[in-house]
Amino acid sequence: MPVPATGTREADGSPPGAQPGDGAAASGGGESARAGAVIRAVAAAPDLVAAAVAGFCIGPMALMLAGHFSGALAAALGVVGSALAVAVCGLRTEFAARVDVRWTLVAAAVVLVWLVWNLHYTAEDVYATRDPAAYTISGQWLTNHPSLQIATHPEIFGNPPGGEWGTGSYAVVDRGGILNGQGNHLLPVLLGVSGSVFGVGALLATNTVLTALALFVFFGFARRVVGPRLALVAMTAFAVSMPVIYVGRDSYTESLAMLFVVGSLAFVHRAHTSGRLADWLLAGLLGGLVTCARVDGYLALVGLVAAGAAVAALAPPGLRSAAVRRSLALAGGAALPVVLGWIDLTHVSRQYYHAQHGNIVHLLAALGVAVLVAPVFVLAVWRTSLGRWLATARARRRTTRALTALIVLAFAALATRPAWQITRGPRQLDLENMQRRWGVPVDGTRTYNEQTVHWLAMYYGWPTVVLAAAGYVLLVRDLLLRGRRALVALLTAGLATSALYLWTSEVAPDQPWAMRRYVPVVLPVLLVAACVAIGALWRQHRARRLMRGGAIAGVIAMIAIPAAVSWPMRSVREEVPQRAQLEAICTAVGRSGAVVEVDAATIFGYGQSIRSFCNVPAIGLTSASTAQIAEMSRAVRATGRTLFVLGQNPDETGGQPGRAFDVVIVQRWPTQINKAPRQPDQQQYAVWLSQVGADGVLRPVPPVRSGP
């Protein structure tokens with residue numbers, strides 16, 4: 001198969017001999033204006049998608065923070081925001097030549113196939129286990145409530161001693177029974193919009209759609225660095241890989257964060273080409289929105305700060321004021337979403353903010369240092385001999401050699417790390433259980449951080465990882481020796497984030513859970529860097545056949561290895577039919593019910609789900625006595641409701657063994673250590689449900705089914 005050469009763009013990213021924005025001419029001067037506009041729209045589609053999603057997010061997020069969320073109003077504001085962002089983006093693109101448009105259409109077709117396939121396997125994660133269930137449950141809460149300040153109304157149950165209101169990822173944050181869910185809440189907000197307008201099925205599929213859009217935006221970013229054909233290779237390799245399939249079928253924030261990160265990097269690159277303040281503004285908007293999706297989004301902003309500093313510092317004396325305006329546009333675009341994300345984190349996720357305060361401070365410190373150093377660097381370049389020294393060929397060569405050596409040494413150290421280091425942290429009992437199951441040495445203090453580069457190779461293959469290391473070196477050379485300033489943000493964001501998370505993953509080490517950490521930044525940039533190396537091989541004139549054979553082999557390996565790793569898990573659909581069980585509980589309880597969960601597993605798994613999906617009050621009370629149940633029932637009946645007892649043990653719910661209200665068996669991604677999973681786990685959930693009569697007696701609700 002023919003592999004295209006990269007480097008087909010000039011230093012500013014435009015086609016040789018073309019002017020930025022002359023796509024209409026490239027598409028054929030004889031075409032009508034309407035046809036030319038359609039061609040430009042297709043060519044600019046990845047940028048338009050990124051702008052549209054970013055513009056959509058602001059209004060709904062602000063409504064939630066104001067405590068006035070409603071699906072219809074949020075959707076209307078989102079559409080207005082999308083329209084404004086698309087108008088600001090415009091159809092300006094240097095990829096409107098017919099060949100570029102064809103590759104863009106092929107990329108869109110690949111994304112569509114990916115979307116259709118994975119929509120068949122979206123998760124029904126409504127029983128709280130890990131983060132995705134929390135985001136799904138929070139999103140469903142917003143379909144019926146104006147805020148994520150979740151009221152539990154303890155007075156309905158008579159404030160029983162030992163009552164538990166917080167469940168799983170939800171913690172009580174004041175004495176009035178208000179819960180906050182963990183993390184930033186932009187994804188639950190988008191789930192809430194989708195669920196309000198289209199129903200629960202659409203809510204559960206929302207993140208799959210967002211992941212498909214993120215893949216298309218990734219193509220748009222990658223084509224600016226390696227050209228459309230190799231961008232298609234990078235996108236396809238990413239799409240078929242297990243980490244993306246894993247996060248794309250469930251409610252993970254990583255997909256949304258990836259869309260914002262790669263979209264921001266794409267607009268930084270585009271802004272270098274066009275010089276438009278609007279492109280810098282959109283780059284800042286997308287970069288800032290990462291902080292609304294994930295708390296570690298502040299780290300991605302470091303790349304934007306570096307990009308803004310580079311624009312100002314490297315501008316010729318006569319263009320410095322214009323460069324400062326571009327940097328200010330970048331900062332201005334990021335300001336509003338960063339403020340929204342910070343308010344969300346500190347006011348709607350207070351328990352998470354306090355629990356993660358140390359890590360958050362470190363991220364903010366890194367961003368703060370970048371913000372403080374940036375103007376000092378700019379002034380040093382402008383006012384001292386540093387600028388003249390940096391402009392010399394000798395300085396650029398020395399810096400290139402130093403960074404090349406640093407990248408090579410860092411890669412060698414990380415790749416060989418298992419041979420000379422075992423990383424440890426606090427003891428984790430859950431980890432010990434995983435280790436016992438998979439037959440590895442039991443040591444709950446292991447973090448397995450020394451394995452991070454091997455994790456990359458486990459999913460994408462060593463050829464891709466080695467090519468990526470070489471590609472990073474080539475990108476540094478392109479930046480410093482060929483003047484491709486548009487690569488600054490790519491390299492700073494990619495290298496900084498990769499260095500941090502390859503040194504310490506900051507996540508539980510089971511697979512594929514741990515790999516989600518690398519989806520927003522590390523993996524996209526790694527695949528682009530690998531394609532840079534493949535393009536360089538293709539362009540080599542020495543041993544041309546051998547080099548081109550290596551390039552073709554690299555393309556095949558990039559796609560075939562992750563596809564082969566993913567193949568055994570291609571049809572996994574997590575937690576199905578968990579939704580059917582929850583809906584059966586909701587139907588039995590009705591709108592005038594109230595639920596007490598009487599064992600720890602049910603409190604953790606279904607506590608907030610009952611509130612969100614059944615829209616009735618719920619409380620947890622382990623090992624509740626008959627007297628406690630009767631007393632709660634009287635308090636509940638005084639409010640016009642009927643008390644139901646829910647649990648996974650018939651002895652505590654007044655049920656009969658073998659006569660559960662409902663039993664389901666669900667699929668689940670396994671929690672493996674240092675291996676990519678090859679078959680799903682299965683988990684059985686049997687629940688007993690009883691109604692408490694006016695006499696305080698528990699009467700089992702008849703089973704809806706006796707098995708899955």
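It should be emphasised that the depicted structure is a prediction, and the values quoted were computed from it without experimental measurement. For the single chain, residues carry numbers from 1 onward in sequence order.
One side chain, Asn180 or Gln149, offers a donor N or O that lies under 3.5 Å from an acceptor on the other. Side-chain atoms of Thr253 and Arg294 form a donor-acceptor pair, as typed in the model, at a separation below 3.5 Å. Judged purely by distance below 3.5 Å, without hydrogens or angles, the side chains of Ser169 and Tyr352 never pair a donor atom with an acceptor atom. Gln581 and Tyr606 form a side-chain donor-acceptor contact under 3.5 Å, judged by distance and modelled atom types alone.
When atom types are taken as modelled, the side chain of Glu574 and the backbone of Trp669 share a donor-acceptor pair closer than 3.5 angstrom. Side chain of Gln511 to backbone of Ala676: no donor-acceptor contact under 3.5 angstrom is found. Here the side chain of Asp599 pairs a donor or acceptor atom with the backbone of Gln648 at under 3.5 angstrom. Between the side chain of Ser566 and the backbone N or O of Met242, at least one donor-acceptor pair lies under 3.5 Å. Between the side chain of Ser609 and the backbone N or O of Val126, at least one donor-acceptor pair lies under 3.5 Å. For the pair Asn184 (side chain) and Gly341 (backbone), a donor-acceptor distance under 3.5 Å is present. Side chain of Asn207 to main chain of Val247: a donor-acceptor pair is present (N/O by atom type, distance under 3.5 Å, no hydrogens or angles). A distance-only check finds no donor-acceptor pair linking the side chain of Thr143 to the backbone of Gly139 [under 3.5 Å]. Distance alone, capped at 3.5 Å, is enough to place a donor-acceptor pair between the Arg641 side chain and the Gly593 backbone. With hydrogens and angles disregarded, a donor-acceptor distance shorter than 3.5 Å links the side chain of Ser349 to the backbone of Gly183.
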Met61 and Phe56: side chain to side chain contact (heavy atoms under 4.5 Å, CB included), yes or no, with the steps? CA-CA 9 Å; Met61 189 71 179; Phe56 187 93; over 6 Å; no

Candidate pair Leu364 and Trp342, rule side chain to side chain contact (heavy atoms under 4.5 Å, CB included), full reasoning: CA-CA 11 Å; Leu364 290 175; Trp342 183 252; 3.7 Å; yes

Derivation of the salt bridge (Lys or Arg N to Asp or Glu O under 4.0 Å) call for Arg130 and Asp125: CA-CA 9 Å; Arg130 279 181 153 176; Asp125 214 342; over 6 Å; no

One pair to check against side chain to side chain contact (heavy atoms under 4.5 Å, CB included): Ile137 and Phe613. What are the steps and the verdict? CA-CA 8 Å; Ile137 295 165; Phe613 284 84; 4.3 Å; yes

Val53 and Phe260: CA distance, side-chain angles, deciding distance, side chain to side chain contact (heavy atoms under 4.5 Å, CB included) verdict: CA-CA 9 Å; Val53 174; Phe260 293 143; 4.2 Å; yes

Determine whether Asp296 and Tyr501 satisfy the following criterion, side-chain hydrogen bond (donor to acceptor under 3.5 Å, both in side chains), listing intermediate values before the conclusion. CA-CA 11 Å; Asp296 57 3; Tyr501 286 140; 2.9 Å; yes

Begin from the C-alpha positions of Tyr518 and Thr452 and carry the test side-chain hydrogen bond (donor to acceptor under 3.5 Å, both in side chains) through to its verdict. CA-CA 10 Å; Tyr518 301 90; Thr452 53; 4.8 Å; no

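Within a 6.0 Å sphere centred on CD of Gln682, other residues, nucleotides and ligands contribute 12 heavy atoms or fewer.
Side-chain contact between Ser264 and Leu304 is present, with at least one heavy-atom pair separated by less than 4.5 Å. Residues Leu115 and Leu213 are not in side-chain contact: their nearest non-hydrogen atoms beyond the backbone lie 4.5 Å or more apart. Between Leu289 and Cys292, the closest side-chain pair of non-hydrogen atoms falls below 4.5 Å.
For the atom pair Gln351 CD and Gln182 CD, the distance stands at 7.5 Å (nearest 0.5 Å). The OG1 atom of Thr152 sits 9.0 Å away from atom CD of Gln608, with the distance rounded to the nearest 0.5 Å. Put simply, CD1 on Ile603 and CD on Glu597 are 6.0 Å apart, with the number rounded to the nearest 0.5 Å.
Shown here for Ala283 and Leu330, the closest heavy-atom pair between the two residues is CB-CD1, 3.8 Å. Between Val348 and His185, the closest heavy-atom pair is O-CE1, 3.2 Å. In terms of heavy atoms, Ala74 sits closest to Pro60 at O-CG, 3.4 Å. Looking at every heavy atom in both residues, Trp165 comes nearest to Arg611 through O-NH2, 3.1 Å. Of all heavy-atom pairs between Arg249 and Tyr121, the closest is CD-O, 3.5 Å. Contact detail for Phe238 and Val519: the closest heavy-atom pair is CZ-O, 3.8 Å.
Between Phe219 and Phe216, the ring planes lie parallel to each other; the angle is under 30°, not in the 30° to 60° tilted range. Classified by interplanar angle (parallel below 30°, tilted 30° to 60°, perpendicular above 60°), the ring pair Phe221/Phe218 is tilted.
Distance check for Cys614 and Cys586: the SG atoms are under the 2.5 Å cut-off.
A cation-pi arrangement is not found for Arg516 relative to Tyr252, the charged atom failing to lie both closer than 6.0 Å to the ring centre and inside a 45° cone about the ring normal.
When each of Val589, Ile156, Ile585, Thr642 is checked for a side-chain contact (heavy atoms from CB on, under 4.5 Å) with Val616, only Val589 meets the rule. Considering Ile245, Val240, Leu119 in turn, Ile245 is the only one that fulfils the side-chain contact (heavy atoms from CB on, under 4.5 Å) rule with Trp114.
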